[in-house]
Student: 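Sharing a structure, written as structure tokens. Questions coming.
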Amino acid sequence: MSVSRGRHSLVVGHHATPASLDELARRADAAGQRVASVLGGPVRPLVVVPRSAREAAELAGVEHVDGLAAVADGGRVIIVPEFYALLNSTGKDVVLTHELTHVVAGTGGLPPWLYEGFADYVGYRDSGLPVKTAAAELAAEVRAGRLPRALPGPAAFAVDGRDPVRLARAYQEAWLACRFLADRFGEETLVGFYREARATGVDKALASLGLSTAGLTARWRDYVRDQLA
């Protein structure tokens with residue numbers, strides 16, 4: 001077992017080189033700063049690097065992590081080494097920030113479109129990626145004249161390796177729902193909405209913005225078309 005300490009982060013792993021753990025610690029420090037800039041801080045990331053995807057799934061207590069580069073589990077981020085290694089530098093930063101957002105903001109009591117979309121909102125916020133690049137799979141659907149009809153439900157986020165393109169679109173649809181709320185009402189309101197939804201439920205939180213699920217869905221569909229067409 002090897003340990004690397006960043007300024008605020010701790011990275012623990014085995015069958016990983018000290019240099020790779022040091023790099024992860026630097027990235028985790030930066031991800032913590034990005035999360036803190038949205039949610040407040042300080043944020044002190046704990047990152048675990050197992051030997052394989054199989055071990056990552058065992059640590060997280062799930063059956064599959066196919067196609068995922070990392071997962072949040074309680075107070076830690078677990079790297080899935082085979083898939084994390086495939087990412088470019090920007091992708092690694094987005095993934096670490098996304099998963100750390102789950103750790104800090106929590107997900108309990110929320111639909112997946114909201115907690116995954118919010119984590120992607122924080123993850124992509126300072127990435128510099130154009131919307132059409134970050135949402136490439138969904139953009140292809142929109143250009144073909146196929147707008148999503150409803151916010152993605154739990155089945156769309158199934159991690160089973162059967163339809164990776166659909167899984168990517170689900171994350172992109174969720175991200176753009178949260179990005180719409182931030183663009184329309186401001187980032188501070190989006191953060192407050194997320195916290196209120198955790199405390200009182202999504203319907204009441206939406207009502208505080210003058211929206212219903214149906215109303216949000218209609219405006220989100222227009223936003224997706226405007227951003228990606």
Side-chain angles (χ1 to χ4, degrees), residues 53 56-57 60 62-73 77-78 80 83-84 86-87 90-103 105-125 127 129-183 190 193-194 197-198 202 205-206 211 213-229:
V62 297
E63 188 173 353
H64 299 288
V65 291
D66 296 342
L68 299 180
V71 293
D73 176 54
V77 174
I78 301 172
V80 184
F83 298 107
Y84 180 82
L86 299 176
L87 299 175
T90 299
K92 290 175 179 177
D93 290 339
V94 169
V95 163
L96 282 173
T97 306
H98 174 111
E99 298 302 336
L100 191 57
T101 300
H102 286 325
V103 170
T107 61
L110 298 176
W113 73 261
L114 180 51
Y115 63 73
E116 297 295 3
F118 184 72
D120 262 0
Y121 171 79
V122 181
Y124 282 116
R125 176 177 178 264
S127 70
L129 288 174
V131 175
K132 290 181 180 179
T133 300
E137 290 82 0
L138 181 57
E141 286 288 292
V142 173
R143 288 194 299 270
R146 295 186 291 270
L147 275 176
R149 298 187 176 212
L151 293 164
F157 293 95
V159 182
D160 54 18
R162 295 180 183 177
D163 192 348
V165 174
R166 178 65 191 100
L167 179 62
R169 289 204 309 270
Y171 277 92
Q172 293 157 13
E173 290 163 3
W175 170 49
L176 289 179
C178 288
R179 194 175 187 273
F180 159 73
L181 291 171
D183 282 356
L190 170 64
F193 163 73
Y194 191 90
R198 285 208 67 199
V202 173
L206 282 173
L211 292 170
T213 298
L216 171 61
T217 300
R219 296 177 73 174
W220 160 74
R221 294 181 78 238
D222 289 342
Y223 183 79
V224 168
R225 183 188 60 244
D226 292 344
Q227 291 291 312
L228 299 180

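Quick note: numbers below take in every heavy atom, side chains included, and nothing from hydrogens, waters or symmetry partners.
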Student: Who are the ring-ring contact (aromatic ring centres under 6.0 Å, His included) partners of Phe180, not counting sequence neighbours?
Tutor: Tyr223
Student: Given side chains that start at C-beta, do those of Tyr124 and Thr97 come closer than 4.5 Å, heavy atoms only?
Tutor: no
Student: Would Asp222 and Arg219 pass as an ion pair if we require N to O under 4.0 Å?
Tutor: no
Student: Any side-chain heavy atom of Tyr194 sitting closer than 4.5 Å to one from Leu110?
Tutor: yes
Student: Run the side chain to side chain contact (heavy atoms under 4.5 Å, CB included) test on Val159 and Val62 for me, step by step, so that the C-alpha distance in whole Å, both residues' side-chain angles and the decisive distance to 0.1 Å come before the verdict.
Tutor: CA-CA 10 Å; Val159 182; Val62 297; over 6 Å; no
Student: Report yes if the side chains of Val77 and Val71 come closer than 4.5 Å at any heavy-atom pair, otherwise no.
Tutor: no
Student: Which pairs with one or both residues in residues 133-142 pass salt bridge (Lys or Arg N to Asp or Glu O under 4.0 Å), sequence neighbours excluded?
Tutor: Glu141-Arg146
Student: Is any side-chain heavy atom of Leu151 less than 4.5 Å from a side-chain heavy atom of Leu114?
Tutor: no
Student: At what distance, to the nearest 0.5 angstrom, does CG of Leu147 lie from CH2 of Trp220?
Tutor: 8.5 Å
Student: Could you please spell out the steps behind the salt bridge (charged side-chain N to carboxylate O under 4.0 Å, His left out) verdict for Arg149 and Glu173?
Tutor: CA-CA 10 Å; Arg149 298 187 176 212; Glu173 290 163 3; over 6 Å; no
Student: Say you draw a straight line from CD1 of Ile78 to CG of Leu68; how long is it, rounded to the nearest 0.5 Å?
Tutor: 11.5 Å
Student: Measure the shortest side-chain to side-chain distance between Trp113 and Val202 over non-hydrogen atoms and say whether it is less than 4.5 angstrom.
Tutor: yes
Student: Determine whether a donor-acceptor pair (N or O, by modelled atom type, separation under 3.5 Å) exists between the side chain of Arg179 and the backbone of Tyr121.
Tutor: no
Student: Going by the side chain to side chain contact (heavy atoms under 4.5 Å, CB included) test, name the single residue among Leu176, Val224, Leu138 that passes it with Val131.
Tutor: Leu176
Student: Could you tell me which residues satisfy ring-ring contact (aromatic ring centres under 6.0 Å, His included) with Tyr84, sequence neighbours excluded, listed by chain and number?
Tutor: none
Student: Can you check whether Ala105's main-chain N or O pairs, donor with acceptor, with Arg198's side chain at less than 3.5 Å?
Tutor: yes
Student: Of the non-hydrogen atoms in Leu167 and Ala158, which two are nearest, and what is the gap between them?
Tutor: CD1-O, 4.0 Å
Student: Please name the pair of heavy atoms, one in Val94 and one in Gly123, separated by the smallest distance, quoted to 0.1 Å.
Tutor: CG2-O, 3.6 Å
Student: Relative to the ring of His98, is the ring of His102 parallel (under 30°), tilted (30 to 60°) or perpendicular (over 60°)?
Tutor: perpendicular
Student: Working to the nearest 0.5 angstrom, can you tell me the gap between Leu216 CG and Leu181 CG?
Tutor: 5.5 Å
Student: Minimum heavy-atom separation for Ala174 and Pro152, please, with both atom names.
Tutor: N-CG, 4.2 Å
Student: Find out whether Cys178 and Val122 are in side-chain contact, i.e. whether some heavy atom of one side chain is under 4.5 Å from a heavy atom of the other.
Tutor: no
Student: Would you indicate whether the side-chain heavy atoms of Arg221 and Thr217 approach each other to under 4.5 Å?
Tutor: yes
Student: Can you tell me how far the CG atom of Asp183 sits from the CG atom of Asp226, to the nearest 0.5 Å?
Tutor: 11.0 Å
Student: Nearest 0.5 angstrom please: Asp73 CG to Glu99 CD, how far?
Tutor: 10.5 Å
Student: Please report the shortest heavy-atom distance between Ala170 and Ala156, naming the atom on each side.
Tutor: CB-O, 3.6 Å
Student: Val65 and Ala53: which non-hydrogen atoms are nearest, and at how many Å?
Tutor: CG2-O, 3.4 Å
Student: Say you draw a straight line from NZ of Lys132 to CZ of Arg143; how long is it, rounded to the nearest 0.5 Å?
Tutor: 7.5 Å
